[in-house]
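Notes to accompany the following structure.
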Amino acid sequence: MNNNNNNSLDLSDLAIRADLADYSPVRGCMVIKPYGYAIWELIQKELDQRIKACGHQNAYFPLLIPESFLKKEADHIEGFAPECAVVTHAGGEKLDEPLIIRPTSETIIYHMFSKWIHSWRDLPYSVNQWANVVRWEMRTRLFLRTTEFLWQEGHTAHATLEDADQEALRMLDVYLEFMRNILALAPYTGQKSDSERFAGAEKTYSLEVLLRDGKILQAGTSHNLGVGFAKAFNIQYQSKNNELTFVNLTSWGVSTRLIGAIILGHQDEKGLILPPKVAPIQVIIIPIFKTEDEKNKVMLECDSILAELKAEGLRVKLDDNEQISPGAKFHEWELKGVPVRVQVGPRDIEQKTVELVRRDKCEKIKSVLRTELSAKVKDLLTESHNFLYNRNLEWRNQNTHNNINSLEELTEVLDKKGGFANIHWDGSAEQENKIKEIAKATIRVRDFNEPKNEGKCIISGNKSMGKVLVGRAY
RNA sequence: CGGGAUGUGGCUCAGCUUGGUAGAGCGCUGUGUUCGGAACGCAGAGGUCGAAGGUUCGAAUCCUUUCAUCCCGACCA
């Protein structure tokens with residue numbers, strides 16, 4: 001209601017002004033508008049290819065889950081019960097058993113797995129689904145935490161815990177490659193602490209992105225579920241030596257939160273900066289003219305540019321709205337984060353050139369020869385991706401603080417600089433709680449690339465088996 | 001669920017203290033001049049002031065109740 005500040009880092013305001021989404025009449029829910037949904041479709045397309053390349057096929061499981069299913073795995077129900085939306089009435093009558101609107105689909109999928117998996121020959125078994133889920137979160141934020149959100153959840157079953165672990169790590173790697181090469185983001189990857197683990201999992205791995213405002217976003221997770229769910233849902237197979245054995249499961253997912261990661265990971269004071277590979281419009285063409293004669297010439301040129309860039313396979317749009325001035329269009333398309341802008345005016349027609357502007361650096365490239373346009377635009381898109389990725393990587397590295405030796409220092413550095421603190425922690429829940437309560441931060445992950453050097457916990461002074469990344473997250 | 005704030009044309013808000021029957025900017029419609037970084041003129045359309053009740057000759061304004069939203073915490077992809 002009262003978004004009257006000009007803080008460019010205000011996500012809700014930006015998402016709405018850039019026309020990605022709007023609030024819905026239901027608290028915490030959002031309407032994803034065409035421009036925002038187009039980003040999601042591009043994310044889906046790229047990720048879906050990668051998931052399928054791993055041998056996982058798509059399927060679809062129902063939205064409604066019997067309440068009793070959630071209760072079968074003790075940790076799972078404990079973790080999810082408070083945030084479930086429950087259907088108690090249907091067809092004008094009270095239901096014998098309430099139905100849960102899925103907050104995630106482990107239970108229904110594993111119920112089906114128990115019917116489908118019988119032999120060691122069935123393993124590994126896997127399925128992925130693109131779906132919506134509902135979690136009644138207390139506080140919501142557009143794209144980062146909405147009551148209903150869209151995601152992809154993959155589920156696999158394996159003979160051994162090691163196989164499951166390998167799969168969970170493989171899918172984490174898929175996400176990492178995707179985030180680097182498609183979203184131009186450089187997350188840390190690693191393992192979660194026990195308290196941050198998914199409800200019902202043995203191990204949870206995650207990707208943690210540093211945003212422009214110094215806060216951290218968990219952008220995706222991959223879980224090794226062990227045999228917990230298999231026991232709860234009785235998923236057993238006959239091994240080669242004819243023994244009934246529980247399977248080891250994994251689940252992994254990323255959501256529309258990735259759009260939040262893109263917005264907050266790349267934005268600047270002018271608005272959105274979309275990574276070229278998921279930009280619904282990669283190139284916007286702006287015609288500039290005064291007279292009718294100029295208009296004819298300029299529009300003819302713009303049409304030819306549009307056709308040429310389309311033929312190159314680029315996502316291009318010609319902004320031929322004559323009601324607003326070119327200057328107004330510059331601002332609008334900058335707000336919307338279009339990576340490359342092509343400006344064509346009478347001067348260009350005369351000189352057989354165009355003017356290019358790249359969004360990431362807001363840099364003008366004047367007098368590009370018309371004949372070199374396509375090549376130059378493609379170069380710019382590649383450069384822009386690299387620029388955004390490197391900026392995010394450097395931002396993360398510069399804001400990873402390694403020399404912190406006390407809880408006070410931890411709090412101070414997070415207050416002043418944000419980012420990640422890489423600290424020794426003794427592994428106890430007691431010290432972890434102090435980090436939460438005093439430094440107002442959480443243990444994000446134990447970074448895979450951090451050498452496992454012994455040290456002393458910065459709080460207790462007890463022995464630490466390696467550093468963990470701590471920070472303030474959304 | 002605690003703490004804070006706000007509900008007035010599509011959007012951002014003024015008006016409320018000190019009641020007299022609603023205003024600005026932006027946007028929108030039409031039109032003319034503009035157009036290389038957010039153009040301007042003219043003419044228009046659009047509001048039971050979140051809801052209910054009360055006080056009053058009279059309520060956007062005062063009182064009571066209620067609903068909703070946003071921001072800060074606890075919870076989470």
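Treat the numbers as computed from the prediction; the structure is a model and nothing was measured. Sequence lines set the chain letters: A, B, ... in the order given, protein chains first and strands last, and positions in each chain run from 1.
Remark on RNA chain B: of its neighbouring residues A:Cys362 and A:Gly79, the 5'-side contact belongs to A:Cys362, judged by nearest-heavy-atom nucleotide. Summary of the strand contacts: A:Glu334 and A:Phe143 both lie near RNA chain B, and taking for each the nucleotide with the nearest heavy atom, the more 5' one is attributed to A:Glu334.
Taking the ring centroids of A:Tyr175 and A:Phe178, they lie at or beyond the 6.0 Å cut-off. Between A:Phe113 and A:Phe229, a ring centre-to-centre spacing not shorter than 6.0 Å is recorded.
Counting only heavy atoms from C-beta on, A:Lys364 has its side chain closest to B:rG37 among B:rA77, B:rC72, B:rG37. The side chain of A:Met138 lies closest to B:rA74, out of B:rG37, B:rA74, B:rA77. Side chain of A:Thr221, nearest nucleotide from B:rG36, B:rC75, B:rA77: B:rA77.
You won't find any donor-acceptor pair under 3.5 Å spanning the side chain of A:Arg135 and the base of B:rC76, going by distance alone.
Contact annotation: A:Arg141 side-chain N/O to B:rC72 OP1/OP2 distance is under 4.0 Å. The phosphate of B:rA38 has neither OP1 nor OP2 within less than 4.0 Å of any side-chain N or O from A:Ser325.
Within 4.0 Å (heavy atoms only), A:Leu144 reaches at least one base atom of the nucleic acid. Among the atoms of the strands shown, none is found under 4.0 Å from any heavy atom of A:Thr147. Counting any heavy atom pair closer than 4.0 Å across all strands shown, A:Gly253 reaches no nucleic acid atom.
We find that A:Arg370 and A:Glu301 are joined by a salt bridge, their nearest charged nitrogen and carboxylate oxygen being less than 4.0 Å apart. Under 4.0 Å is where a charged nitrogen must lie from a carboxylate oxygen, and between A:Glu332 and A:Lys336 at least one such pair does.
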>> Taking Watson-Crick (N1-N3 plus N6-O4 or O6-N4) and G-U wobble (N1-O2, O6-N3), each under 3.5 Å, can you produce the dot-bracket string of RNA chain B? Use [ ] for crossing pairs and | for inter-strand ones.
In response: ((((((((.[[[[.)....(..]]]].((((((.....)))))).....[[[[[..)....]]]]])))))))....

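Scanning all heavy atoms of the two residues, the minimum distance from A:Ser105 to A:Gln129 falls at OG-NE2, 3.0 Å.
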